[in-house]
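I have placed the structure first, in the form of structure tokens, so that the comments after it can refer back to it.
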Amino acid sequence: MQSFGSFSESNSSDRTLIADLSNAQSSLTQTYLAKLRMTAAALKGIAAEGFAAENGAISIAALLEAYRLYGQGEDLARTLRTICRTSLQLNAAETSSEGVRSAVMELLMRLEKAGSVLHSALERLALEDPDLGGRRELQLWLSVQREKRFGLPAEPAMNAFTREFASRVMSPIANMYAHLTSTMAIEVRGSDGLSSVQGVSSSLAALKNSDDPVLRRSTFVAMNAWLASHGASFLDVINANTGFRTLLADQLGENILESELRRERMKKEIYDAMFSSIETALPELREAVSLRQRAFGGGRMKIWNLLSSAPNSLYERGRSLEETYRHLASAFKALDARFPEFLERAHACGWVDADQVSRKSGGAWSDDLPTAQVVRVVTKYLPTLSGEASFAHLIGAAYQMHVMHEEPMPARLYPISITEVMANFCETGLLSHFGSEAQREGDAAARWALEWHALRRITNCCLIIPARHRLLKGILEHRPRGALTLRGINELSSEAWEHYFGGTTDGADKYVWAYKPHFYRRNPVFYDWQYTLGFLLSEALMAQFRKTGASASGQNMREVYRESGVLSIELFGERHLGADLKSRDFWDTVIEEVLKPVERCRNEANLREKWTRAEARMHLSGS
């Protein structure tokens with residue numbers, strides 16, 4: 001494999017493309033915007049001319065071509081939104097991205113309005129020919145549109161009104177949240193005694209990945225003080241958001257959670273089985289917190305240490321991004337020979353912006369630019385074990401997008417539940433690789449550092465995220481009875497936290513509802529349980545690959561990623577895990593495996609000494 005870092009001079013055209021795809025004012029952005037405008041207008045004319053009549057003859061070939069035009073428009077819209085997101089992320093002072101984004105949302109609304117005519121025609125055609133002439137692309141469109149239909153009115157007039165209201169009213173409300181969080185500028189102090197100013201994304205990155213205990217504490221204290229002073233403003237936004245959600249659900253007679261589960265291709269029986277197993281295992285899962293607290297001197301865990309590195313583990317050398325690329329390539333080359341090629345291309349072409357200049361600022365995401373056949377990863381890479389694992393998670397999501405460029409457009413409209421399975425698989429695989437290497441080399445230092453990280457991951461995926469999910473369910477259940485007050489929402493926060501942590505922490509993270517953008521998303525309503533699902537299923541899938549070198553259906557890693565776009569969670573389990581995910585036994589077995597680090601650490605007497613020495617040795621050896 002070529003050495004990462006040797007491509008910077010040989011891909012100037014690729015990097016010019018990435019520069020254009022990162023700038024909302026570039027000529028390429030304007031070209032894409034013009035194409036989207038023409039596509040929306042053309043589709044409107046085609047839909048009105050050929051598919052509006054209820055009893056008109058429908059040609060499969062003509063409908064397929066119309067859908068391809070619609071899919072091109074959807075691809076253009078996603079590409080443009082990613083450009084705007086990247087442009088704003090890389091230059092917080094620029095304002096042009098908001099204008100472009102507003103134009104895109106307006107055009108997307110027109111595109112979807114014309115597309116609704118296609119969807120009606122497709123439904124009529126499916127009644128006449130359920131196989132849709134054997135056209136897989138149309139079959140995929142039918143499946144996707146039936147998933148999206150849940151939670152929306154059946155009547156065309158109300159359907160159109162709901163979409164337009166969401167676009168014209170709810171989008172600006174969501175933007176208000178983004179503008180509000182962008183004003184955060186808190187002063188924090190690190191262990192070096194120096195002060196700096198952080199925004200919300202860099203503050204969250206410090207709490208998740210920083211190895212500096214002083215920085216974590218000062219960040220948490222300053223951030224909570226800022227959130228408390230702005231709590232009323234955040235409350236207004238969340239009341240508006242959830243008010244719209246619950247009013248719409250009431251009009252439809254729908255249960256929001258069940259509707260969203262269907263949109264996420266997740267059966268309620270699977271959801272219930274997973275959370276039932278977690279509830280049963282709560283005493284053992286909470287040990288992931290109390291065991292790590294031994295390293296801090298006992299008592300209850302401080303909130304700012306929940307996702308921390310081991311104490312006294314400040315990095316002297318760090319884990320370079322180039323090393324992380326090599327680790328990822330080594331971890332997966334036996335499972336997918338083309339995965340290292342993807343890593344090389346992503347690095348060489350500038351698809352990844354990891355900005356290693358600042359170790360104390362954050363904000364991380366993966367997104368797609370399908371019109372340009374490009375994926376983007378934008379992050380502030382932190383050279384720690386947790387930073388490396390977080391980077392692998394982003395790469396997993398990006399690889400799924402990259403592989404799905406080979407599939408028809410509707411196959412790329414997979415839900416977040418599927419994304420989190422595949423993103424977590426990359427993270428799980430990297431950590432599994434580190435564990436195998438540590439065992440092979442007899443490296444006790446690396447093994448104990450990985451045990452700490454395993455407990456940290458259990459804490460996040462099986463306690464923090466389920467608590468957040470419980471909180472949002474509580475907010476949505478309360479909202480029809482009236483607007484939430486600060487006291488009321490803080491009580492819901494405390495109850496949800498205590499349910500999962502059971503007194504293992506010193507207080508609760510009571511402002512998570514304010515700083516976490518997942519509470520303010522338009523779609524999906526819930527973006528929390530998917531992380532837990534992805535973590536647990538990725539563990540099961542990696543165990544399957546370790547056992548046979550392939551999924552349960554004999555597919556390699558790339559094929560699993562490719563198929564993931566069209567499978568429900570249930571079918572994914574059947575095909576690639578050989579398991580019935582509606583079964584409690586399956587989830588009990590997975591959680592039992594996940595808890596093995598808890599069992600190993602429980603039986604060790606000198607955990608603090610082992611973790612402190614392990615971290616120090618890893619840093620000195622450059623692991």
Side-chain angles (χ1 to χ4, degrees), residues 211 277-301 305-313 327 331 384-386 388-389 392 424-425 427-466 500-502 504-505 532 535-547 586-619 621 623:
D211 50 355
S277 291
I278 290 173
E279 290 289 320
T280 301
L282 273 179
E284 291 79 15
L285 292 168
R286 289 168 182 159
E287 285 189 74
V289 178
S290 55
L291 285 168
R292 283 191 302 133
Q293 180 56 23
R294 290 189 200 174
F296 294 101
R300 295 184 177 188
M301 177 73 81
N305 287 331
L306 268 178
L307 298 178
S308 71
S309 303
N312 303 318
S313 63
H327 293 158
T384 63
L385 176 60
S386 59
E388 191 163 0
N424 269 281
F425 179 73
E427 181 177 355
T428 297
L430 178 67
L431 295 170
S432 176
H433 170 71
F434 285 153
S436 298
E437 289 288 295
Q439 184 174 359
R440 181 176 60 83
E441 297 174 4
D443 189 341
R447 186 169 67 85
W448 281 106
L450 288 166
E451 296 283 40
W452 176 280
H453 189 78
L455 298 183
R456 174 187 183 274
R457 205 169 175 214
I458 291 169
T459 301
N460 187 42
C461 295
C462 297
L463 295 173
I464 293 177
I465 289 169
Y500 280 97
F501 283 90
T504 56
T505 62
T532 302
F535 167 60
L536 295 175
L537 289 189
S538 73
E539 292 283 342
L541 185 59
M542 183 49 62
Q544 169 66 35
F545 268 96
R546 284 197 300 264
K547 182 179 178 181
F586 168 78
W587 295 103
D588 288 344
T589 300
V590 173
I591 291 175
E592 184 180 351
E593 287 296 312
V594 165
L595 284 168
K596 284 187 175 178
V598 170
E599 182 179 349
R600 290 191 292 267
C601 293
R602 182 191 297 145
N603 297 324
E604 285 292 336
N606 301 315
L607 282 176
R608 180 171 186 169
E609 181 180 350
K610 289 180 181 295
W611 275 323
T612 303
R613 289 183 177 180
E615 291 285 354
R617 282 178 55 196
M618 284 189 75
H619 305 154
S621 66
S623 297

Measuring only between side-chain heavy atoms, which start at C-beta, is [X] closer than 4.5 Å to [Y]?
X	Y	result
Pro597	Trp452	no
Leu306	Met301	yes
Ser386	Leu307	no
Leu282	Leu463	yes
His453	Phe434	no
Tyr500	Leu285	no
Leu537	Trp587	yes
Val594	Phe535	yes

Could you tell me which non-hydrogen atom of [X] sits nearest to which non-hydrogen atom of [Y], and how far apart they are?
X	Y	value
Thr505	Phe501	CG2-CD2, 3.7 Å
Cys601	Leu455	SG-CD1, 4.0 Å
Ile591	Ala281	CG2-CB, 3.8 Å
Val598	Leu291	O-CD1, 3.6 Å
Ala331	Gly429	CB-O, 4.1 Å

- From CA spacing to verdict: side chain to side chain contact (heavy atoms under 4.5 Å, CB included), Ser432, Phe545: CA-CA 11 Å; Ser432 176; Phe545 268 96; over 6 Å; no
Backbone N/O of [Y] and side chain of [X]: donor-acceptor pair under 3.5 Å:
X	Y	answer
Arg447	Gln439	no
Thr428	Asn424	yes
Asn603	Glu599	yes
Trp611	Glu451	no

- Heavy atoms of other groups near Arg294 CZ, more than 12 under 6.0 Å: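 Enclosed.
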- Item | Atom CD of Glu604: over 12 foreign heavy atoms under 6.0 Å |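 Yes, the 6.0 Å shell around CD holds more than 12 heavy atoms from other groups.
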Distance in Å, [X] [atom1] paired with [Y] [atom2], rounded so as to fall on 0.5 Å steps:
X	Y	atom1	atom2	answer
Leu450	Asp443	CG	CG	9.0 Å
Arg600	Leu607	CZ	CG	12.5 Å
Arg292	Arg456	CZ	CZ	7.5 Å
Glu593	Leu536	CD	CG	12.0 Å
Glu284	Ile278	CD	CD1	13.0 Å
Ile465	Thr532	CD1	OG1	5.0 Å

- Task: With sequence neighbours left out, write down each residue that passes salt bridge (Lys or Arg N to Asp or Glu O under 4.0 Å) with Arg286, or none if nothing qualifies.
- Result: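 Result, salt bridge (Lys or Arg N to Asp or Glu O under 4.0 Å) vs Arg286: none returned.
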- With Glu592, which residues qualify under salt bridge (Lys or Arg N to Asp or Glu O under 4.0 Å), at least two apart?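 With neighbours one apart ignored, the set is empty.
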- Message: Do the side chains of Arg457 and Glu539 get close enough for a salt bridge, i.e. N-O under 4.0 angstrom?
- Response: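 Between Glu539 and Arg457 there is a salt bridge, with a charged N closer than 4.0 Å to a carboxylate O.
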- Salt-bridge contact Glu437-Arg440 (side-chain N to carboxylate O under 4.0 Å):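 Yes, Glu437 and Arg440 are salt-bridged.
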